[in-house]
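So you know, we letter chains A, B, ... as the sequences are listed, proteins then strands, and number each from 1. Remember, it's a predicted structure, so these values are computed and weren't measured experimentally.
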2 protein chains.
Amino acid sequence: MNKNGDLNLPLVKDYIPHLAYDSVIFGCNGEQLKILILEYHNTNLFALPGGFVKRNENLDSAVARGLRERTGLDHIYLEQFHAFGDTLRSRPEVMKTLLKANGYEVPEDYWLLQRFITVAYYALINYDEVQPMPDALSDSINWYSIEELPPLIMDHSVIVKTAVQTLKDNLEKKLVGMNLLPAKFTMRELQQVYEAVLGEKLRRTTFQRKILGLDILSRHEKLFSGGAHKAPYLYSFK
Amino acid sequence: MNKNGDLNLPLVKDYIPHLAYDSVIFGCNGEQLKILILEYHNTNLFALPGGFVKRNENLDSAVARGLRERTGLDHIYLEQFHAFGDTLRSRPEVMKTLLKANGYEVPEDYWLLQRFITVAYYALINYDEVQPMPDALSDSINWYSIEELPPLIMDHSVIVKTAVQTLKDNLEKKLVGMNLLPAKFTMRELQQVYEAVLGEKLRRTTFQRKILGLDILSRHEKLFSGGAHKAPYLYSFK
DNA sequence: GTTTATTGTCTCAATTTATTACAATAATAC
DNA sequence: GTATTATTGTAATAAATTGAGACAATAAAC
């Protein structure tokens, strides 16, 4: 940590200059679609978790690595959705502010103060199985409902909007539910994921018939208990 | 041109290093979906048209500029679909070969020989309205059916495959036909575009009913003549 | 004038989706 | 224990969409 002055700033010799990635990490608590947002030390600045690509590292691998470091999870569902490359998206003064807040004075030509193109990915993880870890520069990392995000730095709000739209568009063909839910789940839980992503209520009987008709679920005879009503089946993806 | 030695090689001071774009430019001749492929001087190497991003230029603007230079068209339908960033996609020996074939000896550390991440876009243009222009390094630029492409350098075949799949996925929601056809067209021509993109025959009556049901076409009383049969209506997009 | 190929539209069948209904049942209240 | 409550699984029916074929209309070729 920076208290001891032993946090090493990333050096351009190790990374591809001008290139970053940002990740929109989705989870679902059963009611709302949420994403992980981090807050930088002493700045009140909120941002998407992101990082840089090493000189000899695949772009996809860099993102997977960053995600592993933050969530402890490996083999996460991860999909690239857009590269953001406007000149005005880079805001050197923002980067300077958050470096300064952590006790760093960097030269004017420090590589992180230059223009960056970012490639954005979204990830789907099981909300309950993650204990997110802040990085060296950030204070906290927390779940926020996509309806109630804090103001984000630079163009990160646009990145989130684009991610949510992409998730909606891909809902049918990419088995989103599989990655946002635990291994076994009820039909109701699956429907709630769909509703959280689409932002609208669905008709129960139609949803059930459609999903079962896709022939992608296995039904388990083991029943879930806990509600004052008939116990539902548990399902898993085939 | 290089004969006179007065073609200037691009300098890294003007461009963002390690970052390129490639464009998959679609057209439709009425039967087949085609794309523009360029062939480099004296090399027998075929590639997608691409380029680099200037230091103070938006990513999207760079691609639009490249397209304008090659097709003479402005306001082209252009959509980003994927960034390719594997370490192994860059093949410095290929770049060296084609520079050499044009009479250039470049130093080992020349920026174009380094690793590149490319952001790929697809464009939709009206096949008949374009007179494509080769660039300084390339011999020719020609339409090729997506079924019969020459072998392409580096990962350009993968880029094309991804573009075609993206186009299929977007066929319904993005009014692809509008950008591949002239302003006025017959129902048959529109159907042929759909068939070329999907790679399958569609039923005439069903297609017509579906398209008209979308309420996106204006019908013009002016009739097209030329065939030994009833003259069809001309349509345009609303 | 006859033939030919294609067009615009209609009909009916097949399939899919929407809506309603209802019995089954696990927990709770009593 | 029994009635109550909320939710579940499934069936039945209505509505909408799509598939497949039929047919008259007609511009050009012969």
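Straight-line distance from the OH atom of B:Tyr233 to the C1' atom of C:dG8: 7 Å, rounded to whole Å. Look at NZ on A:Lys210: it is 14 Å from C1' on D:dA16, rounded to the nearest Å. Residue B:Leu202 contributes atom CG, which lies 13 Å from atom P of D:dT18 at whole-angstrom precision. Rounded to whole Å, the distance from NZ on B:Lys230 to C1' on D:dT26 is 7 Å. Between the CD1 atom of A:Ile211 and the C1' atom of D:dT8 there is a distance of 16 Å, rounded to whole Å. A straight line from CG of A:Leu217 to C1' of D:dG9 spans 14 Å, rounded to a whole angstrom. One can place CG of A:Leu234 at 14 Å from C1' of D:dG9, the figure rounded to the nearest angstrom. If you measure from atom CG of A:Leu212 to atom P of D:dA11, you get 12 Å, rounded to the nearest angstrom.
In this structure, of D:dA27, D:dG9, D:dT7, it is D:dG9 that holds the atom nearest to the side chain of A:Tyr235. Of all nucleotides listed (D:dA20, D:dT7, D:dA11), D:dA20 comes nearest to the side chain of B:Thr205.
Residues A:Leu38 and A:Leu36 form no side-chain contact, since every pair of their non-hydrogen atoms from C-beta on lies 4.5 Å or further apart. A:Asp169 has its side chain out of reach of A:Phe81: every pair of non-hydrogen atoms, C-beta onward, lies at least 4.5 Å apart.
From A:Leu202, atom CG reaches atom CD of A:Gln191 across 5.5 Å, with rounding to the nearest 0.5 Å.
Evaluation of atom-type donor-acceptor distances gives a pair under 3.5 Å for the side chain of B:Arg204 against the base of C:dG8.
Contact annotation: A:Arg219 reaches the phosphate of D:dT10 (side-chain N/O to OP1 or OP2, under 4.0 Å). Between B:Arg203 and D:dA20 there is a side-chain N or O to OP1 or OP2 distance below 4.0 Å. Distances shown here put a side-chain N or O of A:Gln208 below 4.0 Å from the OP1 or OP2 atom of D:dG9.
Looking at heavy-atom distances under 4.0 Å, B:Arg209 makes contact with a base.
Classification of the B:Trp143-B:Tyr127 ring pair by plane angle, with boundaries at 30° and 60°, yields tilted. Ring geometry for A:Phe116 versus A:His18: interplanar angle of 30 to 60°, hence tilted.
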